[in-house]
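Report on the structure given below.
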There are 4 protein chains.
Amino acid sequence: MSEVSSPQTAGAGAPRGRIDKRHAILGAAFTVFAREGYGQACVRVIAAEAGVAKPTVYNHLGDKENLFRHAMEAAGARALTASLAVVAELRAEGATADDAAALSATLEDVGYRLLLCSCDERSWALRRLLYAEVGKFPELLDSVWGHGTHRVQEALADRFARLTLAGRLHTADPAQAAEQFFALLTGPMEARSRLGTRPVSDAEAREVARAAVRTFLRAFGPGPDETA
Amino acid sequence: MSEVSSPQTAGAGAPRGRIDKRHAILGAAFTVFAREGYGQACVRVIAAEAGVAKPTVYNHLGDKENLFRHAMEAAGARALTASLAVVAELRAEGATADDAAALSATLEDVGYRLLLCSCDERSWALRRLLYAEVGKFPELLDSVWGHGTHRVQEALADRFARLTLAGRLHTADPAQAAEQFFALLTGPMEARSRLGTRPVSDAEAREVARAAVRTFLRAFGPGPDETA
Amino acid sequence: MSEVSSPQTAGAGAPRGRIDKRHAILGAAFTVFAREGYGQACVRVIAAEAGVAKPTVYNHLGDKENLFRHAMEAAGARALTASLAVVAELRAEGATADDAAALSATLEDVGYRLLLCSCDERSWALRRLLYAEVGKFPELLDSVWGHGTHRVQEALADRFARLTLAGRLHTADPAQAAEQFFALLTGPMEARSRLGTRPVSDAEAREVARAAVRTFLRAFGPGPDETA
Amino acid sequence: MSEVSSPQTAGAGAPRGRIDKRHAILGAAFTVFAREGYGQACVRVIAAEAGVAKPTVYNHLGDKENLFRHAMEAAGARALTASLAVVAELRAEGATADDAAALSATLEDVGYRLLLCSCDERSWALRRLLYAEVGKFPELLDSVWGHGTHRVQEALADRFARLTLAGRLHTADPAQAAEQFFALLTGPMEARSRLGTRPVSDAEAREVARAAVRTFLRAFGPGPDETA
DNA sequence: GATGAATGAGGTTTCATTCAT
DNA sequence: AATGAATGAAACCTCATTCAT
């Protein structure tokens with residue numbers, strides 16, 4: 001993300017220690033916020049979890065709101081990276097899906113991996129915190145959530161457009177198709193994972209992915225009329 | 001001193017009974033919790049919003065956690081009632097959908113109305129609070145969320161089973177079909193309403209419902225094999 | 001305990017029910033005050049212990065301070081009655097103590113019985129509450145404590161004066177003798193009963209009484225020079 | 001060398017300012033508890049009396065109960081120190097009491113000084129608080145009261161044993177003699193100082209001490225049998 | 001006269017935040 | 001730059017007390 005060159009890099013001093021401390025604070029903050037919620041979380045606990053003193057937290061991040069914002073953004077960036085990697089693999093692998101079975105298998109695999117990303121404990125925590133504090137921190141919608149899902153869906157939509165041009169998919173609105181593909185994947189997980197409070201078995205994730213892809217391909221895949 | 005009319009027969013704050021006050025408190029509590037979150041909401045503000053004194057809140061609901069639980073359950077019951085009413089209408093109207101266009105129109109209508117329910121401001125607030133506090137109040141999963149969505153999806157699944165028997169739909173797993181129908185409806189709303197922080201126009205809701213039903217019927221409706 | 005006269009059916013004038021209720025309230029108040037202290041005791045608990053509603057307590061006793069005063073006075077009167085009865089018995093029996101052994105036995109018996117009174121659980125509670133709240137309720141010193149101990153010591157002093165006139169005791173200051181007699185009795189009980197928090201066995205009480213009388217008679221009794 | 005700036009070591013090497021503040025808090029706490037009782041005393045007032053902010057009290061002592069415990073223990077230690085000093089002087093001086101008049105004078109002096117200790121305003125406050133809260137804080141019996149009085153009485157008993165061996169006193173049970181010596185001293189002060197709410201003149205304290213010693217020596221001193 | 005319901009005031013405790021070291 | 005100590009503000013909750021029935 002921000003590849004800001006640290007101003008101290010040249011010297012023999014240890015800016016790395018400072019950066020590490022900052023990361024430790026952000027990580028601890030996310031952990032505690034995730035466990036207790038923004039309002040109930042207290043800076044003393046975060047500092048303890050990070051292994052630093054309380055004023056150090058303030059020295060690094062300013063105040064609690066800023067701390068929350070940065071912790072959320074860091075967690076969001078991490079989650080986005082994972083999802084984008086999955087879609088990037090789709091780009092690479094999916095290009096070779098040249099028959100119906102292969103396309104289905106590829107989509108299933110992508111779906112399954114996306115589910116793994118979004119069913120990760122920290123992803124659920126991120127989502128819960130987002131839902132919880134969107135009223136108080138509306139800017140997180142963009143900085144944490146919007147850009148991320150948007151980019152992933154855009155990447156998927158791109159792929160679907162390519163597949164449509166290749167005659168492997170039928171959709172006049174790839175963005176909508178991607179939107180629905182996502183909905184079919186993540187929607188059923190809400191209930192099954194009990195809002196992320198219960199781990200979902202790989203088998204169940206695979207089943208949801210399979211069902212989603214089956215429905216998706218029935219709607220948008222090469223119909224029987226085409227295969228005829 | 002003047003002859004002031006008896007305060008309970010005239011005037012604004014007429015005490016019309018204990019139940020009214022309890023409802024006022026629960027309503028105010030939900031409003032404030034929705035606005036500020038559980039942790040940030042303070043009982044003083046809730047009491048003020050309800051027009052009662054602070055101890056009255058404690059007399060009625062015990063403590064803040066109980067207050068939250070009951071406010072959530074009341075809001076959940078209200079939301080469930082609305083959604084069930086929509087599905088109940090589907091039961092009545094849907095029975096007459098005897099051709100493809102009619103079925104599509106009926107499903108669209110039901111989907112649209114379900115979206116109206118779940119895009120209601122208070123429904124979004126309920127969902128946000130649920131997400132936010134599921135860690136601290138896991139029992140709300142059942143008492144507020146689980147039973148509700150389960151019952152609505154079950155009702156839908158029943159309907160889909162009947163339609164399948166009537167040859168209007170093809171699905172071997174009506175529960176899964178209902179699950180996906182819901183996902184196609186509500187999934188796209190998350191982004192479009194920005195997690196419920198922005199009202200969604202009727203037109204957009206209709207469009208989402210139409211797209212959901214189109215995809216759903218392509219997957220589960222009478223296929224081209226039937227028309228052939 | 002309570003002579004049952006149903007207050008509802010007693011006809012026109014049923015002051016008995018009201019008086020019983022007042023007694024119940026005072027008794028409950030003393031119980032709760034003794035258990036929790038004046039500051040921590042709360043009127044709701046007292047009302048519950050008395051089996052009446054909270055406003056009834058206020059109807060009968062006015063406010064918490066008054067309630068405390070009256071409960072203390074009632075308990076003080078009860079304790080005083082018991083102690084005076086013991087001394088009264090001394091008057092009757094002690095008059096016949098005409099030799100050294102008989103006098104010693106009589107004083108021991110009186111001492112033992114006075115110890116029983118002042119080691120009663122409620123007596124200790126009374127003393128503790130008095131100590132505790134003498135700053136806030138200085139008038140209780142007279143209305144509860146002063147009069148009581150004063151009267152008992154006066155009665156003892158009277159007796160000692162008579163015995164001195166009869167040549168059975170030697171003291172120029174009967175009041176001081178009574179004061180010290182009391183001190184020798186009750187002083188050692190403080191530690192032995194751990195400020196009244198642990199019951200003292202009869203054997204120990206008798207031992208303390210015996211030791212007190214032995215010392216007392218060595219100081220004030222007929223000396224060996226006299227018996228010689 | 002100055003090992004001053006060792007921020008890690010807390011407790012023994014704590015900075016002077018912190019210890020002073022802790023003492024100020026404990027002193028203020030005892031003052032306020034003594035004035036208002038445990039239940040009525042409020043931490044805000046204690047903090048104000050100590051000249052610190054309310055949270056500082058909590059930082060140092062944890063909560064109100066702990067604050068009370070420590071304030072009581074500090075006051076108890078102070079009182080014990082004073083009394084032990086008096087008895088220690090007895091040890092030094094008493095050894096030279098080689099005739100009846102000197103013994104009497106010495107005991108009177110010790111008694112008088114012990115009375116000064118136990119009639120000190122803060123000693124009465126300590127006793128009142130102990131009586132008042134022994135139900136809620138039973139451990140104070142040992143940590144504040146028991147050890148103290150026990151040690152003083154033991155020291156006295158030791159002295160009495162030595163005097164008995166020297167033929168200056170007659171008692172087979174020095175512990176009991178010390179117990180009664182104390183009772184004769186402190187018992188009469190309860191009423192005379194009105195439970196410690198009224199200062200007692202030195203003259204009255206001397207009179208009580210003299211009377212106590214007179215009675216004590218009549219009972220345990222060198223009797224006429226010896227002089228015969 | 002007795003009671004359920006309501007309230008103003010105030011208690012303990014914790015928190016986010018800032019100095020002084 | 002990092003920390004122990006301190007603080008103003010405010011939260012939850014309880015209490016003594018009073019109406020209206």
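Residue numbers start from 1 in every chain, and the chains themselves are labelled A, B, ... in the order their sequence lines are given, proteins ahead of strands.
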Legend entry - Heavy-atom protein contacts under 4.0 Å, nucleotides 16-21 of chain E, coded B base, S sugar-phosphate only, - none: SBBB--
Inset, instruction - Not counting sequence neighbours, which residues clear side-chain contact (heavy atoms from CB on, under 4.5 Å) with Ala48(C)? List them please. - result: none
Inset, instruction - List for me each residue that meets side-chain hydrogen bond (donor to acceptor under 3.5 Å, both in side chains) alongside Thr197(C), sequence neighbours excluded, and say none if there are none. - result: none
Legend entry - Side chain to side chain, His60(C) and Val52(C), heavy atoms closer than 4.5 Å: no
Inset, instruction - Figure out the CG/C1' separation between Leu61(D) and dA5(F), and round it to whole Å. - result: 15 Å
Inset, instruction - Ignoring backbone atoms, establish whether His60(A) has a side-chain N or O less than 4.0 Å from OP1 or OP2 of dA1(F). - result: no
Legend entry - With sequence neighbours excluded, residues passing side-chain contact (heavy atoms from CB on, under 4.5 Å) with Ala77(C): none
Validation: residues 24-41 of chain D side-chain donor-acceptor distances under 3.5 Å, sequence neighbours left out:
| residue | atom | partner | partner atom | Å |
| --- | --- | --- | --- | --- |
| Thr31(D) | OG1 | Gly27(D) | O | 3.0 |

Inset, instruction - Could you check how far CZ of Arg22(A) sits from P of dA2(F), rounded to whole Å? - result: 12 Å
Inset, instruction - Could you pull out all residues at least two apart from Asp142(A) that satisfy side-chain hydrogen bond (donor to acceptor under 3.5 Å, both in side chains)? - result: Arg194(B)
Legend entry - Nearest-angstrom distance from the residue atom CG of Asp20(D) to C1' of dA5(F): 14 Å
Inset, instruction - Could you check which residues of residues 130-139 of chain D get a heavy atom under 4.0 Å from DNA chain F? Sort them by number, please. - result: none
Legend entry - Distance, rounded to the nearest Å, where Asn59(C) contributes CG and dA16(F) contributes P: 16 Å
Legend entry - Paired stretches of DNA chain E - 3 or more consecutive Watson-Crick or G-U pairs, each distance under 3.5 Å: E:2-21 with F:2-21
Inset, instruction - Answer whether the closest heavy-atom distance between the side chains of Tyr58(C) and Val43(C) falls below 4.5 Å. - result: yes
Inset, instruction - Sequence neighbours left out, what passes side-chain hydrogen bond (donor to acceptor under 3.5 Å, both in side chains) with His70(D)? Give chain and number order. - result: Asn66(D)
Inset, instruction - Please round to the nearest 0.5 Å and tell me the distance separating atom CE of Met72(A) and atom CG of Leu129(A). - result: 4.5 Å
Legend entry - Nucleotide dC13(F), atom P - distance to CD1 of Ile46(B) in whole Å: 11 Å
Legend entry - Selection residues 50-61 of chain A - residue pairs positive for salt bridge (charged side-chain N to carboxylate O under 4.0 Å, His left out), sequence neighbours left out: none
Would you mind writing out the side-chain donor-acceptor pairs for residues 130-140 of chain D within the sub-3.5 Å range, not counting sequence neighbours?
| residue | atom | partner | partner atom | Å |
| --- | --- | --- | --- | --- |
| Tyr131(D) | OH | Glu190(C) | OE2 | 2.0 |
| Glu139(D) | OE2 | Arg69(D) | NH1 | 2.2 |

